[in-house]
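Chain identifiers are assigned alphabetically (A, B, ...) following the order of the sequence lines, protein sequences preceding nucleic acid strands; residue numbering begins at 1 within each chain.
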Amino acid sequence: MFAGCQVTLRELRTEFMSVRVRFAPSPTGQVHIGNIRAAIFNWLFARHEGGSFLLRIEDTDLERSTPEAIATLLEVMEWLGLDFDEKPPLYQTSQVQKHLAAAERLLAAGDAYRDAKGGGGEAVVFRIPFAAERIPGVSSVGTVDVPVHPEVPVQVSGKGVDYAGISKKGTPAPGGCCLAGCLDLQVLDAAEQVLFTLAGKEDAILRDGAEFSVPGAAKLRFTRRVISYHDEVKGDMSKPLDSMRDVVIVRSDGSPVFHLANVVDDITQGITHIIRGDDHVENTFRHIMLFSCLGAAVPTYAHLPMIVNAAGKPYSKRDGDAFVGDFRDNGFVADALFNYLSLLGWSPGDDREKMSRQELTAAFSLSRVLHASAQMDIQKLTNLNGQYIAEMPADEFLAVSREWLKRYPWAAAVSDSQLQAVGALMQSRVKRFADLEQWSYFFVDVPEYDEKVCAKQLKDPVVRAALQAIPALFAALPDFAAAGIEGAIQAACDQTGLAHGKLNQPLRAAVTGSGVGAGIYETVELLGRERTLARLKIALERY
RNA sequence: GUCUCCAUCGUCUAGUGGCCUAGGACACCGGGUUUUCAUCCCGGCAACAGGGGUUCGACUCCCCUUGGAGAUGCCA
């Protein structure tokens with residue numbers, strides 16, 4: 001009677017359990033653009049689903065995980081508006097006992113073993129389960145033959161099967177897999193004679209540590225099993241077990257390895273969806289097994305494509321300009337960066353690009369995330385940033401500007417009214433707040449003169465004559481306002497036979513030192529009569 | 001080497017077999033508005049990596065090639 005009512009575990013989960021996602025950075029002092037994009041997608045997904053966005057600080061690298069580094073991380077997240085639920089965040093170092101207990105449990109269940117292969121003491125190694133069928137997603141796909149190089153003996157032990165494959169040149173190429181990868185292994189020679197059969201020897205190998213060395217083999221024959229899962233962005237993914245090896249989960253110094261810590265913490269935090277970078281896809285197969293062996297439900301995975309630099313390579317720690325803090329320090333607006341980053345590897349499906357957080361949240365879906373890596377385009381970001389700045393209410397723009405100007409000594413004494421006047425003239429011209437550096441000519445006594453611009457604009461003798469006429473004309477102005485200033489400048493042109501407007505750029509060069517800026521009449525008004533005349537004098541002497 | 005992915009203008013992307021003469025955005029190049037610059041408006045340049053299939057029909061599906069990335073750690 002319930003036919004047609006079947007639901008998968010995943011559907012059940014999305015149906016009845018609220019979504020819980022996490023951002024799990026290791027605090028290294030600087031937050032990488034690729035990392036924060038992962039955080040943004042997690043945040044967007046959680047907010048879209050009405051679920052929880054958790055923060056876990058993977059601070060197990062004691063050398064790099066300083067309090068300052070953690071503070072930087074928190075600060076950057078706050079700046080971008082990535083508010084997380086369930087404070088305080090989970091610090092991974094506080095979970096070590098839990099990680100170790102999990103390793104003990106795996107050991108007790110026979111899903112892990114100790115191995116002294118490296119230096120020091122014994123490490124704990126997770127064994128890809130022999131009875132892999134108990135892991136969701138594992139299936140057999142048929143018998144395969146793997147050629148091996150006859151000069152190198154095939155080694156079979158509890159740690160797996162080691163053999164040499166055959167390279168294109170015919171030389172031995174190192175190969176090997178976990179024991180579970182080739183459950184019913186047979187080792188054959190060139191004449192198809194069976195040299196070794198794994199069946200029946202499992203106990204001896206696993207329990208008693210028996211090891212076998214089979215020389216003269218030509219091929220391995222076994223039933224291939226693959227582990228598959230559905231990735232919310234990449235689709236169906238699978239990997240043969242015989243391409244996997246057992247994985248170290250506790251180092252010989254007793255510290256838990258990433259794979260263990262990560263999975264245990266995800267279980268602890270009740271994570272339902274793991275949304276992370278592409279570079280973790282391979283780990284996923286192993287993590288799924290860990291979840292299962294630890295008796296936990298496997299979460300839903302979604303792997304995001306990477307953000308790459310102009311050379312097409314993933315940003316490395318050396319790409320200094322890819323840190324979130326650097327974007328802030330260059331005058332990018334948090335909302336603009338957030339907006340831009342959300343559009344890297346994702347789009348709403350229509351032509352919208354400038355989107356508010358509400359719009360992004362409403363439109364976000366993992367199924368629209370792209371599969372290919374994306375290259376960051378600073379020019380497009382800058383353009384978007386300019387749009388955000390242009391649309392800022394004037395008082396907000398002034399508040400941010402005021403804050404930004406603190407870094408320039410020449411802006412120390414700027415009054416609110418001055419700032420307001422300059423802001424009104426300049427807001428539409430600002431792409432990044434770093435551009436405010438060019439506002440200095442409004443406030444200093446003598447501007448920095450652009451040699452080329454000034455030399456060019458102040459060369460013509462007629463122009464110079466007209467500029468010489470300006471002081472007297474300005475002096476005659478009853479009030480020093482844009483309209484009157486314009487009239488005076490035109491009068492200077494008339495006196496010297498210059499067409500109206502031809503004096504504007506030379507005057508700009510002389511009083512601002514620059515070739516670009518807001519309207520010159522308004523600029524001169526702002527500068528005031530005295531400063532304008534003083535600069536005019538200096539410029540004419542200098543050029 | 002092996003494994004896992006990926007591939008549309010320079011860049012970000014739309015495109016789920018006929019709406020594609022492939023759309024939008026940034027950048028770039030023209031033109032207009034403006035006293036310069038910016039804004040704004042109009043226009044232009046520019047892409048389905050290559051080769052095979054499947055199909056009446058392929059950017060879309062399949063295969064191969066090429067190119068790229070990641071993984072293959074007692075890093076995370």
* What about N262(A), does its side chain sit under 3.5 Å from the base of A76(B) through a donor-acceptor pair? -> no
* Asked: Ring of F258(A) versus six-membered ring of C75(B): centres under 5.5 Å and planes under 30°?
  -> no
* **V226(A) and S139(A), any side-chain heavy atoms less than 4.5 Å apart** => yes
* Should we count CD of E437(A) as having more than 12 external heavy atoms under 6.0 Å? -> no
* Asked: So, is the end of the R37(A) side chain (NZ or CZ) under 6.0 Å from the ring centre of F41(A) and within 45° of the ring's axis?
  -> yes
* Atom-to-atom span, CG of D279(A) to C1' of U72(B) - whole angstrom -> 14 Å
* For K431(A), answer base if it contacts any base atom (sugar-phosphate contacts may also be present), sugar-phosphate if it contacts only those atoms, and nothing otherwise; contact means non-hydrogen atoms under 4.0 Å. => sugar-phosphate
* Paired with C9(B) by Watson-Crick or G-U wobble geometry, both distances under 3.5 Å: which nucleotide is it? -> none
* Asked: Can a side chain N or O of R286(A) be found less than 4.0 Å away from OP1 or OP2 on A71(B)?
  -> no
* Between Q30(A) (CD) and A76(B) (P), how many Å, whole number? -> 21 Å
* Quantified in whole Å, what is the C1' atom distance between nucleotide G15(B) and nucleotide G23(B)? -> 9 Å
* To do: Would you kindly give the CD1-to-C1' distance between I249(A) and G73(B), to the nearest whole Å?
  => 15 Å
* Sugar-phosphate only, base, or nothing, as touched by A261(A) at under 4.0 Å among non-hydrogen atoms -> nothing
* Counting any heavy atom closer than 4.0 Å, what does H500(A) reach on the DNA or RNA strands: base, sugar-phosphate only, or nothing? -> nothing
* To do: Could you run through nucleotides 2-15 of chain B and give me one letter per nucleotide, 5' to 3': B if any protein heavy atom sits under 4.0 Å from the base, S if only the sugar-phosphate is that close, - if neither?
  => -BBSSS---BBSSS
* In whole angstrom, give me the gap between the P atoms of G10(B) and U16(B). => 23 Å
* Asked: How far does the C1' atom of C20(B) sit from the matching atom of A47(B), given to the nearest Å?
  -> 13 Å
* Asked: What integer number of Å spans the C1' atoms of C59(B) and A14(B)?
  -> 12 Å
* Structure fact -> Taken to the nearest whole Å, CE/M392(A) to C1'/A38(B) is 17 Å
* G175(A) near the nucleic acid: base, sugar-phosphate alone, or nothing, with a heavy-atom cut-off under 4.0 Å? -> nothing
* Touch class at under 4.0 angstrom, heavy-atom based, for E522(A) against every strand present -> base
* To do: Run the salt-bridge test on R56(A) and D266(A) with the 4.0 Å N-O cut-off and return the result as yes or no.
  => yes
* To do: For H280(A) and A76(B), say yes or no: do the ring centres fall under 5.5 Å of each other while the ring planes differ by less than 30°?
  => yes
* Structure fact -> Judged by nearest nucleotide, the residue sitting upstream toward the 5' end of RNA chain B, T60(A) or I520(A), is I520(A)
* **Minimum-distance pair of heavy atoms, taken over all atoms of L44(A) and S342(A)** => CD2-CB, 4.0 Å
* Could you measure between the two P atoms, the one in G67(B) and the one in U55(B), and give it in whole Å? => 31 Å
* Base, sugar-phosphate, or nothing for E486(A), non-hydrogen atoms under 4.0 angstrom? -> nothing
* Whole-Å distance between G68(B) P and N309(A) CG? -> 15 Å
Compile the donor-acceptor pairs under 3.5 Å between side chains in residues 500-508 of chain A and protein atoms, sequence neighbours left out, one pair per line.
residue : atom : partner : partner atom : Å
H500(A) : NE2  : D494(A) : OD1          : 2.9
N504(A) : OD1  : Y521(A) : OH           : 3.4
N504(A) : ND2  : G501(A) : O            : 3.4
N504(A) : ND2  : Y521(A) : OH           : 3.3
Q505(A) : OE1  : R508(A) : NE           : 2.8
Q505(A) : NE2  : G515(A) : O            : 3.0
R508(A) : NH1  : A518(A) : O            : 2.9
R508(A) : NH2  : A518(A) : O            : 3.0

* Would you mind classifying the nucleic acid contact of G517(A) as base, sugar-phosphate or nothing, using non-hydrogen atoms under 4.0 angstrom? => base
* Asked: Do we see a donor-acceptor contact under 3.5 Å between the side chains of Q375(A) and N309(A)?
  -> no
* Asked: Starting at CD1 of I307(A) and ending at P of G70(B), how long is that distance when rounded to a whole Å?
  -> 15 Å
* Asked: Given atom NE2 of H32(A) and atom P of C75(B), what is their separation to the nearest angstrom?
  -> 21 Å
* Structure fact -> Scanning all shown strands, the Watson-Crick or wobble mate of G43(B) with both distances under 3.5 Å is C29(B)
* **Partner nucleotide, any strand, of U55(B) [Watson-Crick/G-U, under 3.5 Å]** => none
* Examine F126(A) together with Y113(A) and report whether their ring centres are nearer than 6.0 Å. => no
* Go ahead and name the base partner of U72(B); Watson-Crick or wobble counts if both distances stay under 3.5 Å, otherwise write none. => G1(B)
* OP1, OP2 of C74(B) versus side-chain N and O of R245(A): anything below 4.0 Å? -> no
* Starting from C1' on U35(B), measure out to CG on L425(A) and report it in whole angstrom. => 13 Å
* **N or O in side chain of N383(A) less than 4.0 angstrom from A27(B) OP1/OP2** => yes
* Asked: Which whole number of Å gives the distance between the C1' atom of G30(B) and that of C45(B)?
  -> 10 Å
N/O donor-acceptor pairs under 3.5 Å from side chains in residues 343-356 of chain A, not counting sequence neighbours:
residue : atom : partner : partner atom : Å
W346(A) : NE1  : S365(A) : O            : 3.4
S347(A) : OG   : G349(A) : N            : 3.4
D350(A) : OD1  : R352(A) : N            : 3.0
D350(A) : OD1  : R352(A) : NE           : 3.2
D350(A) : OD2  : R352(A) : NE           : 3.1
D350(A) : OD2  : R352(A) : NH2          : 3.2
E353(A) : OE1  : K380(A) : NZ           : 3.3
E353(A) : OE2  : K380(A) : NZ           : 3.3
K354(A) : NZ   : E391(A) : OE1          : 2.8
S356(A) : OG   : Q358(A) : N            : 3.4
S356(A) : OG   : E359(A) : N            : 3.1
S356(A) : OG   : E359(A) : OE1          : 3.3

* Asked: Taking the same atom, C1', in C41(B) and in A22(B), what whole-Å distance lies between them?
  -> 26 Å
* Counting only Watson-Crick or G-U wobble pairs whose two distances fall under 3.5 Å, which nucleotide matches U16(B)? -> none
* Crowded around K239(A) NZ? As in, over 12 foreign heavy atoms under 6.0 Å? -> yes
* Asked: How is D61(A) classified with respect to the nucleic acid when contacts are heavy atoms under 4.0 Å: base, sugar-phosphate, or nothing?
  -> nothing
* For atom C1', what is the distance between A49(B) and U66(B), given to the nearest Å? -> 8 Å
* Find which nucleotide of RNA chain B each of H259(A) and R508(A) is nearest to by heavy atoms, and output the residue with the more 5' nucleotide. => R508(A)
